[in-house]
Asker: 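What follows is a structure written as structure tokens; I'll ask about it next.
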Amino acid sequence: MVSAAEVQTKEGKCVLQESNGFDKDKVVQVEVGKVVKGTCKFYLSDFFGKKIINANIDIKNTADKPMHCHYYVAFFSESGELIGCAGQGSFSKEGLAAGEKTMLGSCLIPVPEGFHEKAVSYKITFYEDEKQIGKK
């Protein structure tokens, strides 16, 4: 069980490909979390006529009580230049109920044409806690 905020960071190389999100061969997947387990999914897709980096995360609270989390992801060029970033977290005062699953589906990153293919690495920070993230 988490008694104080847990933080996990991960980074790695990636090759982002066009996908609908269901073709595992075209989606970069990264697992995060200790109690709130998350599967990050990175790929390129069309969102209302815009080509985006889709960086959503499926989460599940494996604790026996409500938990909160917040997820941040950033994509970088070969030289370390920030291409784009997004973040989202549990959104209610109550948090994610024990055993509950959901998708944090607003981690959509539109970037100008020609920048999608420059995104060759990612960095993730994932927070989880019994309290709302950012609350004292």
Side-chain angles (χ1 to χ4, degrees):
M1 218 40 58
V2 177
S3 59
E6 284 283 333
V7 61
Q8 181 179 39
T9 58
K10 287 196 170 183
E11 60 184 271
K13 298 286 183 185
C14 62
V15 175
L16 301 176
Q17 298 180 64
E18 297 275 345
S19 177
N20 61 9
F22 298 106
D23 185 351
K24 289 188 178 196
D25 293 337
K26 293 185 175 184
V27 175
V28 176
Q29 290 192 48
V30 181
E31 303 295 324
V32 295
K34 184 175 180 179
V35 178
V36 179
K37 305 285 186 178
T39 302
C40 311
K41 297 178 181 176
F42 308 148
Y43 56 94
L44 302 177
S45 63
D46 180 80
F47 186 72
F48 294 102
K50 294 180 187 174
K51 187 174 179 181
I52 62 160
I53 299 172
N54 190 314
N56 292 327
I57 179 174
D58 295 320
I59 57 173
K60 180 179 181 182
N61 180 5
T62 65
D64 58 1
K65 59 185 160 191
M67 294 291 292
H68 298 270
C69 67
H70 211 95
Y71 158 72
Y72 297 95
V73 61
F75 293 90
F76 299 89
S77 69
E78 192 66 46
S79 64
E81 174 184 53
L82 177 65
I83 300 297
C85 57
Q88 188 178 0
S90 50
F91 23 83
S92 70
K93 288 190 296 188
E94 295 78 31
L96 192 64
E100 187 176 353
K101 294 182 201 179
T102 193
M103 180 203 303
L104 302 180
S106 294
C107 293
L108 311 175
I109 306 167
V111 297
E113 187 174 333
F115 280 78
H116 302 88
E117 51 277 350
K118 290 182 180 184
V120 297
S121 66
Y122 64 86
K123 291 184 181 181
I124 299 167
T125 298
F126 187 76
Y127 297 100
E128 57 186 318
D129 199 347
E130 295 172 15
K131 299 185 298 188
Q132 275 187 293
I133 306 302
K135 285 270 190 169
K136 289 186 178 189

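Along the sequence shown, the residues carry numbers beginning at 1.
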Asker: Can you name the nearest heavy-atom pair linking Ala63 to Ala98, along with the distance?
Answerer: O-CB, 3.3 Å
Asker: What are the two closest non-hydrogen atoms of Pro110 and Leu108, and how far apart are they?
Answerer: CD-O, 3.4 Å
Asker: Using 0.5 Å steps for rounding, measure from the CD atom of Gln88 to the CG atom of Leu104.
Answerer: 4.5 Å
Asker: Look at Lys34 together with Glu128 and state whether they make a salt bridge at an N to O cut-off of under 4.0 Å.
Answerer: no
Asker: Leu82: which other cluster members, linking ILVMFWY side chains closer than 4.5 Å, directly or transitively?
Answerer: Phe76
Asker: Would you sort out whether Cys40 and Val32 count as a side-chain contact (heavy atoms from CB on, under 4.5 Å), showing the intermediate values?
Answerer: CA-CA 8 Å; Cys40 311; Val32 295; 4.1 Å; yes
Asker: Applying side chain to side chain donor-acceptor pair (under 3.5 Å), which residue pairs with at least one partner in residues 12-31 are found, sequence neighbours left out?
Answerer: Glu18-Lys51, Glu31-Thr39
Asker: For the atom pair CD (Gln132) and OG (Ser90), what is the distance rounded to the nearest 0.5 Å?
Answerer: 7.0 Å
Asker: Heavy atoms only: give me the nearest Ala97-Asn61 pair and the separation to one decimal.
Answerer: O-ND2, 3.3 Å
Asker: Hey, any chance Tyr72 and Ile133 share a hydrophobic cluster, counting ILVMFWY side chains that come within less than 4.5 Å of each other, even indirectly?
Answerer: yes
Asker: With clusters defined by side-chain heavy atoms of hydrophobic residues (ILVMFWY) lying less than 4.5 Å apart, directly or transitively, does Ile57 cluster with Val28?
Answerer: yes
Asker: Determine, step by step, whether Phe126 and Cys69 satisfy the side-chain contact (heavy atoms from CB on, under 4.5 Å) criterion, reporting the C-alpha distance in whole Å, the side-chain angles of both residues, the deciding distance to 0.1 Å, and the verdict.
Answerer: CA-CA 7 Å; Phe126 187 76; Cys69 67; 3.8 Å; yes
Asker: Could you give the distance from OH (Tyr122) to CD (Glu11), rounded to the nearest 0.5 Å?
Answerer: 8.5 Å
Asker: Is it the case that more than 12 heavy atoms not belonging to Lys101 sit under 6.0 Å from its NZ atom?
Answerer: no
Asker: Measure across Ser77 and Ile83 and return the closest heavy-atom pair with its distance rounded to 0.1 Å.
Answerer: N-CG1, 3.7 Å
Asker: At what distance, to the nearest 0.5 angstrom, does CZ of Phe115 lie from CD1 of Ile109?
Answerer: 14.0 Å
Asker: To the nearest 0.5 Å, how far apart are CD in Glu130 and NE2 in His68?
Answerer: 9.0 Å
Asker: Judged by atom type as modelled, is there a donor-acceptor pair below 3.5 Å linking the side chain of Asn56 to the main-chain atoms of Cys107?
Answerer: yes
Asker: Just verifying a value: how many Å separate Ile59 CD1 and Leu96 CG, rounded to the nearest 0.5 Å?
Answerer: 5.0 Å
Asker: Just by distance, do the side chain of Thr62 and the backbone of Val35 share a donor-acceptor pair under 3.5 Å?
Answerer: yes
Asker: Please step through side-chain contact (heavy atoms from CB on, under 4.5 Å) for the pair Asp58 and Lys41, ending with a clear verdict.
Answerer: CA-CA 8 Å; Asp58 295 320; Lys41 297 178 181 176; 2.9 Å; yes
Asker: With Asn54 as reference, evaluate Phe42, Phe47, Tyr43 under the side-chain contact (heavy atoms from CB on, under 4.5 Å) test and give the passing residue.
Answerer: Tyr43
Asker: Hey, does Ile53 have a side-chain heavy atom less than 4.5 Å from the side chain of His116?
Answerer: yes
Asker: Set out, in order, the CA-CA distance, both residues' side-chain angles and the distance that settles side-chain contact (heavy atoms from CB on, under 4.5 Å) for Phe75 and Val111, then state yes or no.
Answerer: CA-CA 11 Å; Phe75 293 90; Val111 297; over 6 Å; no
